[in-house]
Amino acid sequence: MTSQLRRPLIAGNWKMHQTVGKSVDLARAVASQGRFGPRTDVCVAPVFTALLSVADALKGTGVALAAQDVYDRPEGAFTGEVSVEMLADVGCTMCIVGHSERRQFFGETDAAVRQKIDACLGGGLVPIACLGETLTERDAGLTLDVVRRQLDAMIENLDPAHAPKLVLAYEPVWAIGTGRVAKAEDAQLVHAVLRDRVRSKLGDAAADSVRILYGGSVKPDNAATLLAQPDIDGALVGGASLDAAHFARIIHAAG
Ligand code: PGA
């Protein structure tokens with residue numbers, strides 16, 4: 001289980017699902033599963049169009065609002081994009097960045113992900129910064145090389161004071177939406193390597209305060225084993241977060 005310094009975070013990534021009405025219903029259903037907050041941080045990330053309405057539905061519930069992506073510039077002629085300030089304006093306190101689906105389908109690079117992280121940290125949003133290897137990379141024995149490269153791009157020369165506001169999410173691409181979950185001990189090994197890397201780049205205090213979530217087919221029946229690992233500080237949940245009861249069971253597995 002995670003150290004005292006690092007409160008577990010369970011984040012629901014709703015991806016491109018739900019209209020506004022359905023998002024509000026789901027947010028209410030999640031909030032009605034219990035009062036979250038004292039021991040575990042919880043957030044949900046609806047589609048952009050539902051953010052404002054979901055923010056309203058979540059007021060006073062202890063469930064935080066996250067966006068699924070952001071652009072790093074404050075404003076301007078960037079058709080289709082939204083800024084950190086705009087997300088904060090509708091009530092977001094967190095934002096997923098660098099999800100593998102964005103890297104894979106929208107060509108997002110390590111450098112672009114870093115700019116988004118910096119923009120979030122600069123504007124008061126907690127970035128949930130995703131990294132993880134593909135099946136081909138894993139089969140070639142490259143997992144650690146890939147995640148170190150992705151992590152280095154995220155944290156090189158970062159001010160260590162930002163670490164408590166930085167969330168990393170290790171999501172092996174082969175485990176996302178496939179029902180294939182990483183073995184808890186394999187995930188723990190990668191998390192420990194990532195934390196060591198943070199230690200060597202940013203120091204002890206940063207390594208001990210940065211939260212590292214696991215993502216990829218987290219379900220009610222595998223959450224407890226994953227969350228019991230010393231370097232797994234929570235979960236980024238896709239499919240199972242669309243079912244409020246399943247999501248609640250994952251939250252309760254965190255403590
Ligand atoms: P999954 O998605 O839980 O459906 O595998 C996780 C994610 O992509 O964040």
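All ligand and atom numbering here is 1-based and tracks the order in the structure.
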Practice prompt. May I ask you to decide whether Asp41 forms a salt bridge with Arg211, counting only side-chain N to carboxylate O separations under 4.0 Å?
Written response: yes
Discussion item. Looking at ligand 1, would Gly216 count as a contact under a 4.0 Å heavy-atom criterion?
Written reply: yes
Discussion item. One residue to check: Ile176. Relative to ligand 1, which of side chain, backbone, both or neither has a non-hydrogen atom less than 4.0 Å away?
Written reply: both
Discussion item. Does any N or O of ligand 1 fall below 3.5 Å from an N or O anywhere on Gly239, backbone included?
Written reply: yes
Discussion item. Only heavy atoms of Asn13, strictly under 4.0 Å: list the atoms of ligand 1 that pass.
Written reply: 9 (O)
Worksheet entry | contact_flag Lys15 ligand 1 heavy-atom lt 4.0 Å | yes
Worksheet item: Are any of the N/O atoms in Ala240 less than 3.5 Å from those in ligand 1?
Response: no
Worksheet item: Any N/O of Thr178 closer than 3.5 Å to an N/O of ligand 1?
Response: no
Practice prompt. Kindly determine whether Tyr170 and Gln150 satisfy side chain to side chain donor-acceptor pair (under 3.5 Å), including the steps that lead there.
Written response: CA-CA 10 Å; Tyr170 169 56; Gln150 292 173 325; over 6 Å; no
Fill in: Nearest neighbour in protein (non-hydrogen) for atom 9 (O) of ligand 1
Glu171 OE2, 2.7 Å
Worksheet item: Is there a heavy atom in Ala175 that sits closer than 4.0 Å to ligand 1?
Response: yes
Practice prompt. Using a strict cut-off of less than 4.0 Å between a Lys/Arg side-chain nitrogen and an Asp/Glu carboxylate oxygen, indicate whether Asp69 and Lys116 qualify as a salt bridge.
Written response: yes
Worksheet item: Other than Leu135, what residues sit in its cluster of Ile, Leu, Val, Met, Phe, Trp and Tyr side chains whose heavy atoms are under 4.5 Å apart, directly or through others?
Response: Trp174
Item to complete: Give the atoms of ligand 1, by number and element, whose distance to some non-hydrogen atom of Gly177 is under 4.0 Å.
Response: 1 (P), 4 (O), 5 (O)
Worksheet item: Any idea which atoms of ligand 1 are less than 4.0 Å away from a heavy-atom of His99?
Response: 7 (C), 8 (O), 9 (O)
Worksheet item: Other hydrophobic cluster members with Ile96, side-chain heavy atoms of Ile/Leu/Val/Met/Phe/Trp/Tyr under 4.5 Å, chained?
Response: Leu9, Met94, Val126, Ile128, Val167, Leu213, Leu236
Worksheet item: Side chains of Asp231 and Gln188: do they bring a donor and an acceptor to under 3.5 Å?
Response: yes
Worksheet item: Are Arg6 and Asp233 ion-paired here, with the side-chain N under 4.0 Å from a carboxylate O?
Response: yes
Practice prompt. Look only at interatomic distance and state if Ser217 has a nitrogen or oxygen under 3.5 Å from any nitrogen or oxygen of ligand 1.
Written response: yes
Worksheet item: Going by distance alone, is a donor N or O of one side chain under 3.5 Å from an acceptor N or O of the other, for His99 and Glu171?
Response: yes
Worksheet, complete the sentence: among protein heavy atoms, the one nearest atom 3 (O) of ligand 1 is Gly238 N, 2.8 Å
Item to complete: Applying side-chain contact (heavy atoms from CB on, under 4.5 Å) between Leu131 and each of Leu194, Val146, Val173, report the one that passes.
Response: Leu194
